[in-house]
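Some notes on the structure that comes next.
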Number of protein chains: 2
Amino acid sequence: MPGDRRAHRRPRRRRLRPGPARGVSARALAADLRRELGGAAVPDGDLRHYGHDATEAHGVHGTPAAVVLPADTAGVAAALRCCDRLGVAVVPRGGGTGLAAGAVPLGGEVVLGLERLTAVRALEPERWRMHVEAGLTTGHVHRLARESGLLFPPDPGAAEQSQIGGNVATNAGGPHAFKYGVTGRWVTGLEAVLASGEVLTVGGPLRKDVAGYDLRSLLVGSEGTLAVITAAWLALTPMPEARLPVAAAFDSVGAGCDAIDAIVASGLTPAILEYLDAGTLEAAGAAFPAALPAPARMLVIAEADGSAAEAARVRSELVEVLGDGALALHAPQARGDVEALWRWRDGVSTAVAAHRGGKMGEDVVVPFERLRDVIAATVEIGARHGLPACSWGHAGDGNVHATLLVRRDDAAELMRAQAAAEDLFAAAVALGGSVSGEHGLGWVKRGQLERQWAPAALDLHEGVKRLFDPHGRLNPGKKLARRDPPPGR
Amino acid sequence: MPGDRRAHRRPRRRRLRPGPARGVSARALAADLRRELGGAAVPDGDLRHYGHDATEAHGVHGTPAAVVLPADTAGVAAALRCCDRLGVAVVPRGGGTGLAAGAVPLGGEVVLGLERLTAVRALEPERWRMHVEAGLTTGHVHRLARESGLLFPPDPGAAEQSQIGGNVATNAGGPHAFKYGVTGRWVTGLEAVLASGEVLTVGGPLRKDVAGYDLRSLLVGSEGTLAVITAAWLALTPMPEARLPVAAAFDSVGAGCDAIDAIVASGLTPAILEYLDAGTLEAAGAAFPAALPAPARMLVIAEADGSAAEAARVRSELVEVLGDGALALHAPQARGDVEALWRWRDGVSTAVAAHRGGKMGEDVVVPFERLRDVIAATVEIGARHGLPACSWGHAGDGNVHATLLVRRDDAAELMRAQAAAEDLFAAAVALGGSVSGEHGLGWVKRGQLERQWAPAALDLHEGVKRLFDPHGRLNPGKKLARRDPPPGR
């Protein structure tokens, strides 16, 4: 392993590049990491699992040069120092549920999994907060809060697989974001490790802090390209006593969007304001836990929460506003019925995927009054590329899961879906929106920021990356502002 | 004006420094700015007003090289381009109500006032948002929202003087931050101008966006050191139907803090959770709009809000929790009485200042369970330096206005107050807190970040400044991470 040894002797002089440095074999790399971190942290055997995330369905996968699973922050720092010395790049990995290939080692990087960092460093329900390590699943965070009478509101999908560190790194959302905001709003402090191995702490159990520039918010949503998040201080809020959903079926997208506009304009504040369009109902409507009238072309689901009295009051107003123009209402109050409705909603994505065997979904976001436009554009763009398309999502936030239905094994369809996705991004930006409301850029949407940011802002984006990660060690090729950065950048 | 002309010919080669470049007289500078922006934008006459902010009381003031008051974003860009070309530094200025000298031209800079940028670019109550220029007063923003049945929750003091741009630039807080968060939470988009004159837009009327790094949050609270904020998209929320305060007097800090802890631990969510300690009551208690029992050593004020029924429910729970151990309760329900209570609270700072003629206040923040410790530390530190001291503030956020009472014309007392302030910062950090929860670092607390951030984080702070403002043109000497940055930085 001469290349390896040379790296040890002259760490500063090495020419740095993404992926394993020339002359460092995957085996030598694993041996080096094992020496640094102990054998338990560097598994061998079948590591294919670490080569993909939820984009595997469209054929995106990579091969890690090695997988390292440190047990704690010191281990993460040691792993990063080791990779820095060897000149190899690192892909940080949470639960692997990402939808933008942000955690996929496409350049033969070392995958650094956070799954063993699962300590609950502090659980302080009487102070509405907890301090947890990055590898704890989001579902676990939810349960810890709930058992103390508290709510951690962000509720992205796949809560039992996704990890809180990954949620922070992607600033994950979910239905509750309408009332409660996305993950970043609930993070008061972060511990993260820079590519150099230095441990950074910003914020803590403080509810306010304006002493320094907001580096915490910069790390939130940075998708593992600036630092590896190892722990977070999370703020919690008292658990609402009651949650009462109201689902309303409409005979057109126009009528459904009118109802959504009417809820917001009436000054009601539901916790959740979701929609599903006709194509989505076609794929997933059969399992809806109530009668869905045949001509339903759009379903709106709002949920009232709060004290029992407050939730009941808001629910009755939602029934009134949504009832005006709806084909039918389903407003369950019994706990089991409420849970059945949300279980159905959680399964929508899977049902849509099953409809033709596969799907390609993009989570564009628009100013919320343009919801009807982006719903129509999704169907129209699909048709233009010869693919059925549908959408559903977070209506109140204008955040749409615009989805193209494909046959997974049909390469031509996948190509057409790619082209359609580009049109979707263009449409969202033309409507004043953004190419991503939840999933991030990752690898799938690298460079798409160019559509919506001016050159000066793109330059700053690239400058932030250089500042935190001057050698391009962390998640190279992901969350790129420009697909082809100008020379010298 | 040979220096001036040379600057025009070779803008790129000039050695850049804060303050007017060598050879550029204040008069020549004003003439140049007038040529670029028109006479109306560059006033002459008595400009002393632009040389200070609310720290004038402790003798902090400067002299602007020139004052430029552009009428719009293009004017701000033209002014910054002009200053860039001439190699002079700029201090952006909102309403001049800052408490950290962040808008004071201490190095003879050009003051760039935003007061003429007062357009309401969009007011969309049915979508819970508005798009306003930086120079609009915060009070005006509040009124625009209220007239539409909406609430812009951040409520820092001096709302009729302070401007929304300044509020964003300092990430201002206020009592409502306990339930609703600080200014940054309500900003979905920003327009800002870089030192180069380039206009930057990040975000917009979108409720979610994770496409790029969060440059918006980086600008929020950056105190005019990264860019000049010219406009903001603000999110609003429906105005609560009722607001019902409950004030409770306690015979000790311990009893008052126990009550605050009990409110939070009981899962109640008041909109506001404030306190005033014994020294504050001594200075301001006489005007309290109800009987204040003589042995009162701490006052806690909580406020319930929401629908009429919800506010009444929370109010009755607050009465129960606070009543347990209180000497007396004052829980007005009539609108006039509620307003009288908050008017009194708004006047506390002035009453405290009047007590001995002057005050020096610091807005440290601690984890909220350390409130009793920082209240005690404030009094103890004052005593150690021979100064009466008191505190009041945002109990639920652990954010304390720790205040030393001084005679304004006593130089020795002012010096002792400075020394005491240093001890206060040290105490806050030792309690796990931060040197600033609301006011920012400005000039007064420049370098204090060193107490609480590790070197790697300080390096990143300085790197962010260099990235946005490579020539150190914007608000030099303010919001410094380190008082004496290491050489080469």
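Numbers restart at 1 for each chain; the letters A, B, ... are given by sequence-line order, proteins then strands.
When B/Arg185, B/Met239, B/Glu126 are compared by the number of non-hydrogen pairs under 4.5 Å with chain A, B/Arg185 comes out ahead. Contact count against chain A (heavy-atom pairs under 4.5 Å) is highest for B/Thr269 among B/Thr269, B/Val435, B/Val199. Contact tally against chain A (heavy-atom pairs below 4.5 Å) for B/Gly267, B/Ala265, B/Gly212, B/Ser222: the top residue is B/Gly212. Contact count versus chain A (heavy atoms, under 4.5 Å) is highest, among B/Leu441, B/Val264, B/Val365, for B/Val264. Of the residues considered (B/Leu226, B/Leu219, B/Thr237), B/Leu226 shows the highest number of contacts with chain A, using heavy-atom pairs under 4.5 Å.
Looking at A/Gln448, neither its backbone nor its side chain comes within 4.5 Å of chain B, counting heavy atoms on both sides. Of the atoms belonging to B/Lys465, heavy atoms from both backbone and side chain fall under 4.5 Å from chain A. Interface remark: A/Val182 contributes side-chain atoms only to the contact with chain B (heavy atom separation under 4.5 Å). Only the side chain of A/Leu200 comes within less than 4.5 Å of a heavy atom of chain B; its backbone N, CA, C and O stay farther away. Using a 4.5 Å cut-off between heavy atoms, B/Leu460 contacts chain A through both its backbone and its side chain. Contact of B/Leu449 with chain A is made through the side chain alone, with heavy-atom distances under 4.5 Å. There is no contact between A/Ala309 and chain B, counting heavy-atom distances below 4.5 Å. If you measure heavy-atom distances from A/Asp397 to chain B, the contacts under 4.5 Å come from both the backbone and the side chain. For B/Leu194, the part lying near chain A is the side chain, with the backbone staying farther off; criterion is any non-hydrogen pair under 4.5 Å. Proximity to chain B is absent for every atom of A/Thr188, based on heavy atoms less than 4.5 angstrom apart. When heavy atoms are compared at a cutoff of 4.5 Å, A/Ala457 approaches chain B by way of both its backbone and its side chain. Contact annotation for B/Ala456: both backbone and side-chain heavy atoms come within less than 4.5 Å of a heavy atom of chain A. With a threshold of 4.5 angstrom between heavy atoms, B/Thr170 approaches chain A through N, CA, C or O but not through any side-chain atom. With a 4.5 angstrom heavy-atom cutoff, B/Arg313 touches chain A only via side-chain atoms. For A/His439, the part lying under 4.5 angstrom from a heavy atom of chain B is the backbone only. Heavy-atom distances place no part of A/Val314 under 4.5 Å from chain B, backbone and side chain included.
Between A/Gly432 and B/Leu206 the shortest heavy-atom distance is O-CD2, 3.8 Å. Between B/Val210 and A/Gly437, the closest heavy-atom pair is CG2-C, 3.6 Å. Closest of all the heavy-atom pairs between B/Leu467 and A/Val464 is CD2-N, 3.5 Å. Minimum interatomic distance between B/Ala211 and A/Lys479 (heavy atoms only, all atoms of both residues): O-NZ, 3.3 Å. A/Leu215 and B/His461 get closest at one heavy-atom pair: CD1-N, 4.5 Å.
With a 4.5 Å cut-off on side-chain heavy atoms, A/Arg127 and B/Pro367 do not count as touching.
Here the OG-CZ distance, from A/Ser434 to B/Arg207, works out to 15.0 Å after rounding to the nearest 0.5 Å.
Checked against ring-ring contact (aromatic ring centres under 6.0 Å, His included), B/Phe178 has the following partners two or more places apart in sequence or in another chain: A/Trp128. The salt bridge (Lys or Arg N to Asp or Glu O under 4.0 Å) search around B/Arg129 returns A/Glu369, B/Glu124, not counting sequence neighbours.
The closest side-chain donor-acceptor pair between B/Tyr213 and A/Ser217, if any, does not fall under 3.5 angstrom.
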List the steps, then state whether side chain to side chain contact (heavy atoms under 4.5 Å, CB included) holds for A/Gln452 with B/Asp209. CA-CA 11 Å; A/Gln452 67 195 66; B/Asp209 183 5; 3.9 Å; yes
